[in-house]
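Chain letters run A, B, ... following the sequence lines, proteins first, then strands; residues in each count from 1.
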2 protein chains.
Amino acid sequence: MGKDKKCSPDMEDYLETILVLKRKNKVARVRDISQSMHVKPPSVASALHTLSRDGFVIHESYGYVDLTSEGEKLAKMIQKRHEMLNKFLREILCINPKTAAEDACRMEHAISQETSKKLTKFLEFVQTCPDSDRPDWLKSFDHYFKTGKRLKCKIQEMKQKGNL
Amino acid sequence: MGKDKKCSPDMEDYLETILVLKRKNKVARVRDISQSMHVKPPSVASALHTLSRDGFVIHESYGYVDLTSEGEKLAKMIQKRHEMLNKFLREILCINPKTAAEDACRMEHAISQETSKKLTKFLEFVQTCPDSDRPDWLKSFDHYFKTGKRLKCKIQEMKQKGNL
DNA sequence: TAGATATGTTAGATTTACTTAACAAATAAA
DNA sequence: TTTATTTGTTAAGTAAATCTAACATATCTA
């Protein structure tokens, strides 16, 4: 029972950023964190103090920033949620990419594990749909959203005709 | 162009609570707000000061709390989102009610207007589904979530058999 | 109507996250 | 290898949102 440590949404954002920077640049530095998060370097310093105190990052003065295993675990979870929500918003709901990115960024701190898992599976369910890129029922929703009107689906038609 | 005023998530929660209390009790009082939000009365006083200053509530010392039209507009929007998200989580994703309520409470401050509208329509689309309480594709997802396996849907079967 | 109880307010402190300004260390360039 | 530039830190202050303690007002009840 690895009593998963927690931190504030703000600190979660720092962890996620550090993870992303490490992936992109091999290392994470204060200045890069500062720039990607649009905060000033002292804010980063302060956050790193907190995160270090709470066992999420390792940071020696003037050195690179690294994640502890706890920190990495949390960061990866947040990052996965971020990706998943982004996909859900763009690919299922067809939200415009900019808005989807912004929403995902906030939603990632708002949802429970249970909801996260369900949405992940839902996305997987849609994406592994065999009959086409976008399943018929989603196309049907697209039409409903645009026109407010329901298309009768094939099955219903056939039920009416007595073929099923 | 009524340049919709905004406020922080915390203040949004106060507005929503005031709206709900007014509906339930006809009036909203500091003590009731305090109790439903699980904060102490001085926190409410402080919040009311801010909300009053920013034109969202009207509050005379020792009197009832009321919403301005701006405040009511915002409160109603938040409340609708809350309800919608709650329904979405419970009825589409089958999240357990307690978790759904908690998630909705946080998500209502995280989503854009665009996402809110899309989700609302999506819910409406599912709920006005004519063929059953829960459309076939959602039942199919339920099965996928439980077993990890896809059921072939009727249409596919027929396509294979050459009936469509 | 006077005292007791419930409700509301103010003052002051704490926490979190941010800022600017001043300084320190590290790196790059002359 | 000195100087200049970039990067990082510390100090001090601001703004939300919360709390406790002390006080004020309102309402209920004897």
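Within residues 10-35 of chain A, the residues having any heavy atom under 4.0 Å from DNA chain D are, by residue number, Arg29(A), Val30(A), Arg31(A). Contacts with DNA chain C (heavy atom under 4.0 Å) in residues 42-60 of chain A: Pro42(A), Ser43(A), listed by number.
Between Glu114(B) and Lys118(B), none of the side-chain N atoms (NZ, or NE/NH1/NH2) sits under 4.0 Å from a carboxylate O, so this pair counts as no salt bridge. Using a cutoff of 4.0 Å between basic side-chain nitrogens and carboxylate oxygens, Arg134(B) and Asp142(B) are scored as salt-bridged. Electrostatic pairing of Lys80(B) and Glu83(B) does not count as a salt bridge here, judged by no charged N lying under 4.0 Å from a carboxylate O.
To the nearest 0.5 Å, the span separating CG on Leu89(B) from OG on Ser112(A) amounts to 7.5 Å. Summarising the geometry, atom CD belonging to Glu70(B) is positioned 6.5 Å from atom CG belonging to Asp4(B); distances are rounded to the nearest 0.5 Å.
Chain B approaches DNA chain D within less than 4.0 angstrom (heavy atoms of the protein), and the contacting nucleotides run 5' to 3' from dA17(D) to dT25(D).
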Expected list for residues 39-54 of chain B: side-chain donor-acceptor pairs under 3.5 angstrom, two or more places apart:
from, atom 1, to, atom 2, distance (Å)
Thr50(B), OG1, Ser46(B), O, 3.3

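Residue whose closest nucleotide on DNA chain C sits further toward the 5' end, between Tyr62(A) and Ser8(A): Ser8(A).
Regarding Lys40(B), its NZ atom lies at a distance of 14 Å from the P atom of dT7(C), rounded to whole Å.
With sequence neighbours excluded, the residues satisfying side chain to side chain contact (heavy atoms under 4.5 Å, CB included) with Ala110(B) are Arg106(A), Met107(A). For Phe141(A), the ring-ring contact (aromatic ring centres under 6.0 Å, His included) criterion is met by Phe122(B), Phe125(B), not counting sequence neighbours.
Other residues, nucleotides and ligands place more than 12 heavy atoms under 6.0 Å from the NZ atom of Lys22(A).
Contact check for Ile92(B) versus Leu123(B): side-chain heavy atoms found under the 4.5 Å cut-off.
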